[in-house]
Amino acid sequence: MTNTAIDNESGKLSAIAVYVLYLLSIPSAAVLALVGVIVAYATRDGASPLARAHLEEAIRIWWVAVWWAVAGIVLIGIGLLLTVVLVGFPIMWIGGLVAFIGFIWFTVKSLLQLLKLLDGRTP
């Protein structure tokens, strides 16, 4: 293998590992997603342009998912506070739905980006 081939692959394994950690975060209660974003931040500087683009996209995916989760948790919290007046139950339901949609988006987006990376396409 030549130096050019090695340079072209620089960071690709890290990007694959990040997407796999994101997908494995489903049964780990998002602990592995946190590990994945740390790996993405740590390895993006030395990565090839394609891998760096994927690592940047992985970081963006993580932050969007975090904000979806925060929005869901805040709505659930507001709903809990308002359960006394029975308005809180629909708000809690909406908060759970927001968090669930964020979870589904995170999973699907991670899988699609992994497939793009394996195909050699940019995010």
Side-chain angles (χ1 to χ4, degrees):
M1 195 181 288
T2 65
N3 262 351
T4 310
I6 293 171
D7 290 341
N8 290 338
E9 296 296 318
S10 177
K12 186 174 181 180
L13 287 177
S14 296
I16 290 170
V18 169
Y19 289 133
V20 169
L21 285 168
Y22 281 5
L23 293 172
L24 291 176
S25 72
I26 297 165
S28 75
V31 172
L32 291 178
L34 181 60
V35 172
V37 77
I38 290 169
V39 169
Y41 271 116
T43 59
R44 70 180 169 170
D45 288 335
S48 67
L50 176 66
R52 184 178 174 93
H54 276 279
L55 290 168
E56 294 284 344
E57 180 66 10
I59 292 167
R60 189 188 73 78
I61 289 169
W62 188 82
W63 279 109
V64 169
V66 165
W67 288 114
W68 274 96
V70 166
I73 290 169
V74 166
L75 284 172
I76 290 170
I78 290 170
L80 283 172
L81 291 173
L82 296 175
T83 54
V84 176
V85 291
L86 298 177
V87 177
F89 293 114
I91 294 173
M92 285 189 319
W93 185 83
I94 291 169
L97 185 63
V98 165
F100 181 72
I101 289 171
F103 165 75
I104 296 297
W105 176 85
F106 178 79
T107 304
V108 170
K109 185 75 171 171
S110 297
L111 179 62
L112 293 175
Q113 292 303 320
L114 175 61
L115 294 174
K116 281 185 178 181
L117 176 62
L118 293 175
D119 197 30
R121 295 182 289 148
T122 58

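Values below: all heavy atoms of this structure, side chains included; hydrogens, waters and symmetry mates excluded. Predicted model only: the values in this text are computed from it and were never measured.
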Which pair of heavy atoms, one from [X] and one from [Y], lies closest together, and at what distance?
{"X": "Gly11", "Y": "Ala51", "result": "C-CB, 3.4 Å"}
{"X": "Ala47", "Y": "Leu55", "result": "CB-CD1, 3.9 Å"}
{"X": "Val39", "Y": "Ser14", "result": "CG1-O, 4.4 Å"}

Cluster overlap [X] with [Y], hydrophobic side-chain contacts below 4.5 Å:
{"X": "Ile94", "Y": "Leu81", "result": "no"}
{"X": "Tyr22", "Y": "Leu34", "result": "yes"}
{"X": "Val70", "Y": "Val37", "result": "yes"}
{"X": "Trp68", "Y": "Ile73", "result": "no"}
{"X": "Leu32", "Y": "Val20", "result": "yes"}

Donor-acceptor contact present, side-chain Arg52 to main-chain Arg44, <3.5 Å:
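Yes, Arg52 side chain to Arg44 backbone: donor-acceptor pair under 3.5 Å.
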
Donor-acceptor contacts under 3.5 Å from residues 113-123 side chains, at least two apart:
from   : atom 1 : to     : atom 2 : distance (Å)
Asp119 : OD2    : Arg121 : NE     : 3.0

Mind listing the side-chain donor-acceptor pairs of residues 57-67 below 3.5 Å, one per line with the distance, residues two or more places apart or on another chain?
from  : atom 1 : to    : atom 2 : distance (Å)
Glu57 : OE1    : Arg60 : NE     : 3.2
Glu57 : OE2    : Arg60 : NH2    : 2.9
Trp63 : NE1    : Tyr41 : OH     : 2.9

For residues 95-111, please give each side-chain donor-acceptor pair under 3.5 Å, one per line with the distance, not counting sequence neighbours.
from   : atom 1 : to     : atom 2 : distance (Å)
Thr107 : OG1    : Phe103 : O      : 3.0
Ser110 : OG     : Phe106 : O      : 2.8

